[in-house]
Asker: 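This is the structure, below, for whatever I ask next.
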Amino acid sequence: MEKRCTDSRIKGVSTGTTILAAVFNGGVVIGSDSRASMGGEFVSSKTINKVVQVHDQIFCCMSGSLADAQAVTKAAKFHLSFHSVQMETPPLVIAAASVLKELCYNNKEELQAGFITAGWDKKDGPQVFVVSLGGMLLRQPVTIGGSGSTYIYGYVDAKYKPNMSREECLQFSLNALALAMGRDNVSGGVANLVVVTEKGVEHVVVPGDKLPQFNHEKHGVRLTQNLFGHKKQENW
Amino acid sequence: MAAGATMMMESGQRFSSKSDLVPDWTRQEVSTGTTIMAVEYDGGVVIGADSRTTTGAYIANRVTDKLTPIHDQIFCCRSGSAADTQAIADMVTYQLGFHSIELDEPPLVETAANLFRASCYRYREELSAGILVAGWDRRKGGQVYCVPIGGMLVRQPLSVGGSGSTYIYGFMDSNYKPGMSKDQCMELAATALSLAMERDGSSGGVVRLASISAEGVERRVILGNQLPRFSTH
């Protein structure tokens, strides 16, 4: 998720991460992996935090170039706190998303960062917004992003249901992250999840060894050939 | 930076040039940008594919049959360049038929897979072909072999391929369990292919399924309006 290498221009501009956000009955779950890598060859950080708090009950996940994303969220945090002081009320989630969108759209030539903004406000309850690379703003009940997200589109389409309970949504998000981290080599580490409801914010961190495991990792047939060309079948 | 207009480097396709005199699709190679999959079950295999063949943005064939018989009980699923995969499949069908007559018995699936691998590896620089070989033989029952671009050969109980396959890795990892029955495998294949077709622009049309076992080959087509649907958002 570090420097802009030509790899990312060929692969598509989201690199090195898996982020997601989903609405459930009464709140949102926002999650990400924790790996920062240099082009897939070196893991520069195993425990980076990609979920940034931009206000009391509004969070933001970064994807794309880490430097650009950090700069934009810093600016957005400032704008939002100023805005909430002026309005004398906590900002709306759509306000936070719009601030990010303005920054991304007006600087689209220089920036290479996409965001998922999610949170809770008094007017519209739990919401998830996606601000894409060029500065599009779209509200969705569930959204995924980053390079690892391509592997879980099918899973999310099949498994997400509106009005899930908190536990169901947490399990769904955890499974999705684990599946993506299992297939994408530039996503990994721990799963950082944040649950935002009317009552407040709760952080859930699931280390790598506690992530859900799926059958294919335990069962398989492998055909190996030793030096003399004898075929040997292994089951594990 | 043309946001949103970056084309994924798909096997066989090139970035479109700016000339308006000649339509885009006449300059693109015909590609089975696709979703294919094959699953082993106790007693046979289930194979499936979508039905879309594209030349750039134009759908050259919307009812393609990508499940190609190589022998009575051995099939292959083709992805990548349509021309390359057809040529290789024709070559292997000939070689396998000859081999089977020499042997005077039905050929092994592993033999068919090795023939594919031999061609795909020898001509790896010129070819763009990802193939799944699946079938049934008396020695090892149902088997699935994966021969991706480059010419590797590996046997897997479950394999997906093509451009649409990236979107269903998570779904397959979580929903496949060893020891499923034939009908469960068919349902899994139909669901997975529908999910991929919904997300991948190069996959679509109808879902073609086939099951191969000792009894023979059973083919099925699921039309667009009969496909499983998911909560759209």
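We name chains A, B, ... by the order of the sequence lines, and we start the count at 1 in each one.
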Asker: With rounding to the nearest 0.5 Å, note down the distance linking OH in B:Tyr167 to OG1 in A:Thr150.
Answerer: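 Answer rounded to 0.5 Å: 6.5 Å.
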
Asker: Identify which part of A:Ala158 has an atom lying under 4.5 Å from any heavy atom of chain B, answering side chain, backbone, both or neither.
Answerer: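 Contact with chain B: backbone and side chain both.
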
Asker: Tell me, do B:Asn175 and A:Lys159 make a side-chain contact under 4.5 Å, heavy atoms counted?
Answerer: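 Side-chain contact under 4.5 Å: yes.
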
Asker: Which value, rounded to the nearest 0.5 Å, describes the distance between A:Phe214 atom CZ and B:Lys177 atom NZ?
Answerer: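 Reported to 0.5 Å precision, the distance equals 9.5 Å.
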
Asker: For B:Gln184, look at atom CD and say whether over 12 heavy atoms of other residues, nucleotides or ligands are found less than 6.0 Å away.
Answerer: yes

Asker: For the atom pair CZ (B:Arg199) and CG (A:Asp157), what is the distance rounded to the nearest 0.5 Å?
Answerer: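 B:Arg199 atom CZ to A:Asp157 atom CG measures 4.0 Å (nearest 0.5 Å).
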
Asker: Inspect the surroundings of CG in B:Asp42 and state if more than 12 heavy atoms from other residues, nucleotides or ligands are less than 6.0 Å away.
Answerer: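 Atom CG in B:Asp42 is not crowded, with 12 or fewer foreign heavy atoms closer than 6.0 Å.
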
Asker: Would you give the length of the straight line joining atom CD of A:Gln213 to atom CG of B:Asp173, rounded to the nearest 0.5 angstrom?
Answerer: 11.5 Å

Asker: Residues in side chain to side chain donor-acceptor pair (under 3.5 Å) with A:Tyr153, at least two apart?
Answerer: none

